Amino acid sequence: MKWWINLLLAIVIIVVIIPALTVQDFSLFGFKDKRSSSEMNGQPNDEIDITSKSKEGVDEPEIAMYDHATESVIRMPLEEYIIGVVAAEMPASFELEALKAQAVAARTFAVRKMRAFGGNGCSSHPQADVCSLYSHCQAWISDEQQKKNWGSDYAANHEKIVRAVEETRGYIMTYDGAPIEVFFHSTSNGKTEDAGEVFSHSLPYYTVVDSPGEETSPKYKQTFTFSNEQFVKIFKSRYPRSNLSAKNLSSQIRVKSYTKSGRVAELIVGGITVKGTDFRYLYGLNSTDFKFKFEGDRVIIETTGYGHGVGMSQVGANYMAQQGHTYVEILKHYYKGVEIEKYR
Ligand SMILES: [Zn+2]
């Protein structure tokens, strides 16, 4: 070959082929790039390394999940698991930064449970790190299920969630250097709840914080109607020694105290003191922020918010993202004093 043909080939390789490969690599990682220092305040401690997919593909820990849909243990790379969790736990229509906050919450939950990181695994399924039951560990859906749920929106929704997971790859919330105990909920009543009001113990990062924008949720206000007889029957199924009667029901029910966030702490029903949280589960209410209305032979309970109220409100997170907040700002708002850092 003539010398100038070799030179031409060399130029083509340097100018065209190498950059093309690099661009493809970038697109795999969701367009993350260096940020200006002014933006760093709302960003995690370290930049995500956008060039290390192959390295991480090898190093990435595997999670063992008990799948309730197929009643089997599935092993998969951690980040692949997070995609299925975000798809199951938050509407894909939510803002990207809200989905990223959800991805970090999901990863924190998983890392804390995983035996590879010293966790205890799922207490119901000892052969697994986590299970796919939302009320026990966290929900997870397969790729097939995502296709079924989303139909023609599958490609766009899936891509958005993959991007949320990729752009937070490896990041978790820590407190005193350890992954936090993760709680979140759908919709608050405008304030989050102190963990000690709902669970057996308080945690320093779960205090009461304002959570604006909740009114946009269809679950914000709901009513639950019971006949007086039904109401009494349900109560006596749990408290058989109660003297509650369907006559003059309104005079037998009184809220005794509220929590700092305005939810019912305790109420007295038919002479028995009941915790707001127990009352909520007994009647299947959306939240412990409830009010009674007595109308003749029926009682109407109006709830505000959906869920226990502890930690991040998903609707509140989406609202914050709409106001231009990053996922780090969202997480640091709902989880006080946490650091966002890569798991080790
Ligand atoms: Zn479980």
Side-chain angles (χ1 to χ4, degrees), residues 60-92 99 101-146 148-149 161 164-165 168 170-175 178-187 192-193 195-203 205-206 277-278 280-282 284 286-288 306-314 317 331 334-335 338 343-344:
E60 200 177 308
E62 217 178 41
I63 189 164
M65 180 199 70
Y66 179 83
D67 179 26
H68 281 267
T70 57
E71 297 181 339
S72 61
V73 174
I74 306 176
R75 295 183 164 274
M76 64 190 117
L78 175 59
E79 298 296 328
E80 190 185 314
Y81 164 74
I82 302 302
I83 293 169
V85 175
V86 177
E89 293 277 10
M90 182 178 264
L99 291 165
Q102 187 74 47
V104 174
R107 193 179 292 107
T108 307
F109 182 90
V111 167
R112 191 182 158 93
K113 284 264 180 196
M114 284 168 76
R115 290 191 175 86
F117 294 104
N120 294 325
C122 166
S123 57
S124 308
H125 303 279
Q127 70 277 43
D129 292 309
V130 289
C131 73
S132 65
L133 194 64
Y134 82 95
S135 54
H136 192 260
C137 289
Q138 51 187 358
W140 175 90
I141 52 170
S142 65
D143 211 41
E144 289 71 55
Q145 190 59 49
Q146 292 169 37
K148 265 189 218 160
N149 292 359
I161 288 170
V165 174
T168 61
Y171 280 100
I172 60 168
M173 287 183 277
T174 63
Y175 190 89
I180 68 164
E181 207 173 316
V182 174
F183 297 107
F184 60 88
H185 59 283
S186 161
T187 310
T192 65
E193 184 60 292
E197 302 284 4
V198 179
F199 307 112
S200 54
H201 55 289
S202 283
L203 289 161
Y205 37 90
Y206 289 119
T277 46
D278 291 338
R280 176 194 166 202
Y281 288 116
L282 183 59
N286 277 1
S287 84
T288 51
Y306 187 37
H308 49 54
V310 177
M312 179 176 76
S313 153
Q314 294 176 309
L331 293 171
Y334 285 110
Y335 304 92
V338 301
Y343 62 72
R344 278 177 260 273

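Since the structure is predicted, the reported quantities are computational estimates derived from the model, not experimental observations. Both counts, for ligands and for their atoms, begin at 1 and track the order of listing.
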Inset, instruction - State the CZ-CG distance between R112 and N120, to the nearest 0.5 angstrom. - result: 9.0 Å

Inset, instruction - Please test Y343 against L78 for side-chain contact (heavy atoms from CB on, under 4.5 Å), starting from the C-alpha separation and ending with a verdict. - result: CA-CA 12 Å; Y343 62 72; L78 175 59; 3.7 Å; yes

Legend entry - Q138 vs Y81, side-chain contact (heavy atoms from CB on, under 4.5 Å): CA-CA, chis, key distance, verdict: CA-CA 11 Å; Q138 51 187 358; Y81 164 74; 3.3 Å; yes

Legend entry - Tally of protein N, O or S atoms, where distance to the Zn ion (ligand 1) is under 2.8 Å: 4

Inset, instruction - Return the set of residues passing side chain to side chain donor-acceptor pair (under 3.5 Å) with Q146 (not counting sequence neighbours), or none when no residue passes. - result: H158

Legend entry - Test of ring centre spacing under 6.0 Å for Y206 and F199: no

Inset, instruction - Verify whether the ring centers belonging to Y66 and H68 lie closer than 6.0 Å. - result: yes

